[in-house]
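For this chain, numbers begin at 1 and follow the sequence in order.
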Amino acid sequence: MDINEFIKDCKENVLSGVGITSEDVSKLFKIPEEYVQQLGIAANQITREFNGNKVDVEQLNNIKKNSCSEDCSFCGQSAFFDTGIESYQLPSAQEIVIRAQKAKDEGAESYCLVAAWREPSPNDFDKVCYIIEEINDKVGISVECSLGFLTIQQAKKLKELQVKRYNHNLETAKSKFSEICTTHTYEDRIKTLQIARDAGLELCTGGIIGLGETREQRLELVLELASIYPEEVTINILVPVPGTPLELQTSLEKSEIIRMFSIIRFLLPESVIKISGGRETNLDDSGEELLQSGANGIITSGYLTMGGNEAKKDIKMIKKIGLEA
Ligand code: SF4
């Protein structure tokens with residue numbers, strides 16, 4: 001079959017609710033580069049059909065920075081690597097409330113509290129709960145969390161506090177995972193997602209591309225994500241951090257990045273697909289093309305360990321391409 005016809009057929013199957021098979025997904029990963037733009041256009045049509053024109057804009061707050069006990073090879077916050085990144089423990093609730101208010105004023109719909117640790121200690125978890133209560137009380141923005149491994153009791157407590165969504169990334173394909181992390185397993189990550197879902201939290205999961213994984217491994221990751229069917233998928237594009245084992249990793253071709261986002265849209269038509277870290281660094285248009293090739297969410301105003309575009313600039317970009325923030 002002609003490749004344009006194949007892409008069109010896949011799109012029709014998604015739009016009609018039939019969906020596509022894993023063989024189709026495998027073929028989409030192999031279509032020649034000159035068809036990737038066509039793939040992006042089809043993914044955009046699916047996005048508009050299922051999600052309208054709204055772009056989900058989120059801000060992050062790194063509430064416990066650096067000195068993490070885990071050894072994820074891409075991460076500047078691992079205690080295993082000397083990256084020179086500043087370290088701090090939990091800031092006061094008052095300070096976080098001010099930042100959450102600023103995020104809301106700048107147009108963010110959600111505010112995600114992220115902590116660089118394996119799992120929260122009981123004491124730290126209580127402090128985070130208090131911070132969430134204060135944000136709920138004083139700001140009224142949708143709070144999301146990314147706090148590492150959770151017990152079911154902790155997950156239920158977050159649900160009680162009206163946390164909407166829990167982020168826990170798979171990071172990469174199962175077959176690649178032991179190369180990028182040895183201090184915990186892929187199964188640990190899957191288990192945490194299950195705990196969060198059992199507690200009634202929505203799921204945000206995804207990973208980081210450009211770690212040296214093969215296309216086959218990106219296929220493996222997207223099929224795993226599709227089997228989980230999270231409410232949100234978050235994809236980071238590696239920005240090599242000096243001092244980490246991946247500091248010399250070469251960047252992915254732009255067409256591979258577009259291919260990845262587009263294919264995820266075919267598999268998860270209704271989910272938020274968010275472009276996370278690496279958007280400004282790896283893409284010369286800051287993500288405009290990706291927002292028209294399957295993605296419908298961004299993180300603005302910087303990331304966990306690096307800066308990013310100001311919210312105002314991103315909102316302007318979203319409006320410029322005819323979408324809504
Ligand atoms: S990715 Fe998360 S768990 Fe891994 S080292 Fe970084 S902060 Fe720790």
Side-chain angles (χ1 to χ4, degrees), residues 1-11 13-14 20-48 55 74 170-173 175-176 206-226 233-240 246 248-269 271-299 308-309 314 317-318 320-323:
M1 190 195 285
D2 171 73
I3 294 175
N4 277 323
E5 278 301 308
F6 174 63
I7 294 172
K8 194 166 161 245
D9 269 14
C10 287
K11 181 189 78 180
N13 283 339
V14 175
I20 57 172
T21 64
S22 47
E23 286 78 43
D24 293 334
V25 184
S26 174
K27 280 191 205 161
L28 291 175
F29 265 103
K30 291 184 191 128
I31 60 167
E33 193 182 330
E34 60 266 33
Y35 291 93
V36 167
Q37 196 186 11
Q38 204 50 41
L39 183 67
I41 292 170
N44 191 43
Q45 288 164 347
I46 298 169
T47 311
R48 303 284 83 84
V55 175
F74 54 84
L170 295 177
E171 311 300 14
T172 188
S175 65
K176 176 84 180 164
I208 178 159
I209 56 174
L211 301 176
E213 74 283 351
T214 62
R215 241 193 217 162
E216 272 297 308
Q217 287 172 321
R218 286 196 283 282
L219 164 68
E220 204 186 316
L221 174 62
V222 299
L223 292 177
E224 186 76 50
L225 290 172
V233 174
T234 179
I235 299 291
N236 297 271
I237 310 154
L238 180 74
V239 177
L246 294 182
L248 299 177
Q249 187 65 40
T250 47
S251 345
L252 279 180
E253 292 292 327
K254 187 173 157 198
S255 61
E256 282 309 297
I257 300 171
I258 293 175
R259 186 191 298 267
M260 180 74 178
F261 278 85
S262 301
I263 293 175
I264 297 174
R265 175 55 71 203
F266 276 76
L267 279 165
L268 296 166
S271 300
V272 173
I273 299 176
K274 198 164 274 174
I275 327 167
S276 301
R279 174 169 64 91
E280 294 90 337
T281 319
N282 284 281
L283 303 163
D284 43 23
D285 67 356
S286 263
E288 275 186 40
E289 197 175 349
L290 280 188
L291 284 173
Q292 297 169 95
S293 308
N296 66 333
I298 58 164
I299 287 169
N309 288 348
D314 279 336
M317 178 264 285
I318 290 168
K320 189 186 111 194
I321 55 176
L323 300 176

In terms of heavy-atom contacts, G206 and V233 come closest through CA-CG1, 4.4 Å
Between atom CD1 of I258 and atom CG of L252, what is the distance when rounded to the nearest 0.5 Å?
11.5 Å
Does this structure show an ion pair linking E220 with K176, if we count only N-O contacts that are shorter than 4.0 Å?
no
Is K274 close to I299 at the side-chain level, that is, under 4.5 Å between some pair of heavy atoms?
yes
Does the side chain of V14 reach to within under 4.5 Å of the side chain of R265, using non-hydrogen atoms?
no
Please test I264 against M260 for side-chain contact (heavy atoms from CB on, under 4.5 Å), starting from the C-alpha separation and ending with a verdict.
CA-CA 6 Å; I264 297 174; M260 180 74 178; 4.1 Å; yes
Side chains of L283 and I237, heavy atoms from C-beta outward: is any pair under 4.5 Å?
yes
Whether E23 side chain and T21 backbone form a donor-acceptor pair below 3.5 Å
no
For the atom pair CD (E171) and CG (L221), what is the distance rounded to the nearest 0.5 Å?
9.5 Å
Nearest 0.5 Å please: distance from the CG atom of L238 over to the CD1 atom of I208.
5.0 Å
G278 versus V239, closest heavy-atom pair with distance
CA-CG2, 3.5 Å
Inter-residue atom distance F29.CZ - Q217.CD, 0.5 Å rounding:
11.5 Å
Quick check: do N13 and F266 have side-chain heavy atoms less than 4.5 Å from each other?
no
Could you measure the distance from the CD1 atom of I321 to the CG atom of D285? Nearest 0.5 Å is fine.
8.5 Å
Heavy-atom closest pair (C10 atom, I20 atom, distance to 0.1 Å) is O-CG2, 3.6 Å
Note: S271 and N296 closest approach over all heavy atoms is O-OD1, 3.8 Å
The reported gap from CZ in R259 to CD1 in I31 (rounded to nearest 0.5 angstrom) is 5.5 Å
Picking from Q37, E34, E33, what satisfies side-chain contact (heavy atoms from CB on, under 4.5 Å) with S255?
E33
Under 3.5 Å, side chain of E280 to main-chain N/O of N309, donor-acceptor pair present?
yes
Could you check if a side-chain atom of F261 sits within less than 4.5 angstrom of a side-chain atom of I273, using non-hydrogen atoms only?
yes
Trace of the side chain to side chain donor-acceptor pair (under 3.5 Å) decision for T47 with N44
CA-CA 5 Å; T47 311; N44 191 43; 4.9 Å; no
Check: K254 and D284 side chains under 4.5 Å, non-hydrogen atoms:
yes
Identify the two heavy atoms, one from N236 and one from S276, that lie closest to each other, and give their separation to 0.1 Å.
OD1-CB, 3.2 Å
For S293, does its backbone N or O pair with a side-chain atom of S262 as donor and acceptor, under 3.5 Å?
yes
Chi angles and distances behind the side-chain contact (heavy atoms from CB on, under 4.5 Å) call for V55, D314
CA-CA 11 Å; V55 175; D314 279 336; over 6 Å; no
Do any N or O atoms from the side chain of R279 and from the backbone of G308 form a donor-acceptor pair under 3.5 angstrom?
no
Working for side-chain contact (heavy atoms from CB on, under 4.5 Å), residues L267 and L225
CA-CA 9 Å; L267 279 165; L225 290 172; over 6 Å; no
Compare all side-chain heavy atoms of L268 with those of V222 and state whether any distance is below 4.5 angstrom.
no
Derivation and outcome, side-chain contact (heavy atoms from CB on, under 4.5 Å), residues R218 and I209:
CA-CA 8 Å; R218 286 196 283 282; I209 56 174; 4.0 Å; yes
L323 versus R48: any side-chain heavy-atom pair under 4.5 Å?
yes
